[in-house]
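What follows is a set of notes on a single structure, which appears directly below.
For this chain, numbers begin at 1 and follow the sequence in order. Values below: every heavy atom of this structure, side chains too, minus hydrogens, waters and symmetry copies. Every number for a ligand or one of its atoms is a count from 1 in the order of the listing.
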Amino acid sequence: MAYKKDTICVQGGYRPKTGESRIPPISQSTTYFYEKTQDMADLFDLKADGYFYTRLANPTVAAFEGKVAELEGGVAAIGCSSGMSASTLLAFTVCGAGDNIVSSSAIYGGTFNLFAVTLPKLGIETRFFDPDAPAEEIEKLIDGKTKMIFTETIANPAIKILDFDKIANISKKHAVLFVVDNTLATPILCRPFEWGANIVIHSTSKYMDGHAAALGGMIVDGGNFNFKGNPRYAAFNEPDESYHGLVYADLPAAQFATKCRAQMMRDMGAIMSPQNAFLSWLGADTLALRMERHSSNAKKVAAFLAKHPKIDWVWHASLPDNKYHKLAEKYLPDGQGGMLSFGIKGDVSQAAKFMEALKLITQETHVADVRSCVLHPASTTHRQLSKEELEQAGVPENLVRLSVGIENPDDIIADLDQALAHV
Ligand SMILES: *Cc1c(COP(=O)(O)O)cnc(C)c1O
């Protein structure tokens, strides 16, 4: 039976047998015991489910994988050591030298570096597009070597909302994988598989864990892409000699996830640690409640800032005059998340003055956990860029990024108000 998302948050991914612990124990073990040689042989042949070495799979990690897969409505998920290792494993599962990725330019800075700097050294090219560009322009970037279209549901720091229908149409027309980084929306606010995505990835270090306690990543297989006979995905249709001739496109389910785990997790070993899986599993119990509060708090904060005389502009899709408001009504009807950006009037020194005057809200590089925090990209994460380069990256010099937490909204607003008085 398919449960609702808030039920899956607390019940998903783990069902104890009689007498077992009610929540998943931390399986702090590299290896597993079997009495019969055949039992272990069946595991190696993927004929049976089970564990033999924690680099490939672990029961605590599996509990969290199960919860996220159920929340997203996917067929399988793979827990990774970080969000970045999830995007790296994702790329290597489909791309080799000579292949390319067609990616939105409005993506997380770390992913941008991976695609723009590191993967090209291995012969994998990325062609970036403006997510607001018309479909014809994006389509022009696709050729026979394109292995995926990569996007984010809510892109940071411009808080752009993805037009799923536009990308889903392109992906179907060209039979190319549609991948969505759903970190900042979470499956509570948006389920990309319902809008045509094929693979979803997460940095679970953000809202999923929610407490800034554990680093992690997740790759979720939608099980809704037809690899069989698709010339773009020869590696899914030819026998994998490194896995005794397995043809992934012939598997009954989870073809992408199986290739990703059997080849890439085996070779790169970037699995989530059992301890982090436990913390993230526990954190995700309250994901539905927290996303509701993050969204309603951010909506109130955005409305407050939009009316404030010292504020130049505010970006949050809850604002009726926001460029992405219409898309948010369609794809994020239950809330638009806790991330917002705004510009303070005056020169760049005003932003620094404001940041230093904050008392409750702290300065951090992290986002999307229970505690409100701010970052001034022009003087931190983007400080090597010139003023012109900042504008090009969609990060004006006066931009302040605010991750709205779940504190009482009156306290958050009062802190912003007193800090703005110093500007
Ligand atoms: C943080 C983040 C990542 C990277 O995740 P890590 O867990 O820090 O490696 C990827 N995508 C988005 C949208 C993020 O916010």
Side-chain angles (χ1 to χ4, degrees), residues 61 64-65 68 72 77-92 101 103-119 126 128 131 148 150-162 179-190 192 197 199-220 268 270-273 275-277 279-280 283-284 287 290-291 294 298 317 332 336-341 364-371 373-375 377 380-382 393-395 401-405:
V61 179
F64 185 40
E65 290 168 342
V68 179
E72 287 288 7
I78 300 180
C80 306
S81 56
S82 66
M84 286 314 303
S85 65
S87 36
T88 304
L89 287 173
L90 160 84
F92 287 154
I101 298 166
S103 173
S104 164
S105 55
I107 54 173
Y108 176 71
T111 318
F112 188 88
N113 275 332
L114 172 69
F115 287 0
V117 182
T118 302
L119 291 184
T126 303
F128 290 101
M148 64 168 153
F150 187 91
T151 57
E152 286 182 10
T153 309
I154 301 177
N156 206 357
I159 326 292
K160 293 178 189 236
I161 310 296
L162 181 66
V179 181
V180 178
D181 181 335
N182 200 32
T183 298
L184 295 183
T186 81
I188 302 305
L189 302 182
C190 178
I199 308 290
V200 163
I201 67 162
H202 280 279
S203 164
T204 63
S205 326
K206 311 294 166 54
Y207 288 126
M208 200 70 82
D209 154 45
H211 299 78
L215 215 63
M218 198 62 81
I219 302 171
V220 193
M268 309 215 170
I271 200 161
M272 182 179 286
S273 78
Q275 176 77 30
N276 282 355
L279 288 169
S280 309
L287 182 65
R290 286 187 283 108
M291 291 317 291
H294 280 295
L332 303 159
Q336 296 76 42
M339 297 295 307
L340 58 84
S341 293
E364 282 167 41
T365 6
H366 194 65
V367 295
D369 69 71
V370 289
R371 283 161 283 271
C373 61
V374 279
L375 184 77
T380 54
T381 50
H382 292 62
V395 184
R401 188 182 70 184
L402 172 60
S403 172
V404 180

Just so I know, are the side chains of T118 and N113 near enough to count as touching, which here means a heavy-atom distance under 4.5 Å?
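No, too far: nothing below the 4.5 Å cut-off.
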
Tell me, do L89 and M268 make a side-chain contact under 4.5 Å, heavy atoms counted?
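SC-SC contact between L89 and M268 confirmed.
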
Evaluate the side chain to side chain contact (heavy atoms under 4.5 Å, CB included) criterion for residues V367 and K206: first the C-alpha distance (whole Å), next the side-chain angles of each, then the deciding distance (0.1 Å), finally the verdict.
CA-CA 6 Å; V367 295; K206 311 294 166 54; 3.9 Å; yes

Tabulation required: pairs of a nitrogen or oxygen in ligand 1 and a protein nitrogen or oxygen under 3.5 Å; columns are atom names and distance to 0.1 Å; otherwise 'none'.
{"residue": "ligand 1", "atom": "5 (O)", "partner": "S203", "partner atom": "OG", "Å": "3.0"}
{"residue": "ligand 1", "atom": "7 (O)", "partner": "G83", "partner atom": "N", "Å": "2.8"}
{"residue": "ligand 1", "atom": "7 (O)", "partner": "S203", "partner atom": "OG", "Å": "2.8"}
{"residue": "ligand 1", "atom": "7 (O)", "partner": "S205", "partner atom": "OG", "Å": "2.6"}
{"residue": "ligand 1", "atom": "9 (O)", "partner": "G83", "partner atom": "N", "Å": "3.0"}
{"residue": "ligand 1", "atom": "9 (O)", "partner": "M84", "partner atom": "N", "Å": "2.9"}
{"residue": "ligand 1", "atom": "11 (N)", "partner": "D181", "partner atom": "OD2", "Å": "2.7"}
{"residue": "ligand 1", "atom": "15 (O)", "partner": "K206", "partner atom": "NZ", "Å": "2.6"}

From CA spacing to verdict: side chain to side chain contact (heavy atoms under 4.5 Å, CB included), N182, H202
CA-CA 6 Å; N182 200 32; H202 280 279; 3.7 Å; yes

Partners meeting salt bridge (charged side-chain N to carboxylate O under 4.0 Å, His left out) with D369 (sequence neighbours left out)
R371

Side-chain donor/acceptor of E152 to backbone N/O of D181, under 3.5 Å:
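No: the side chain of E152 does not pair with the backbone of D181.
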
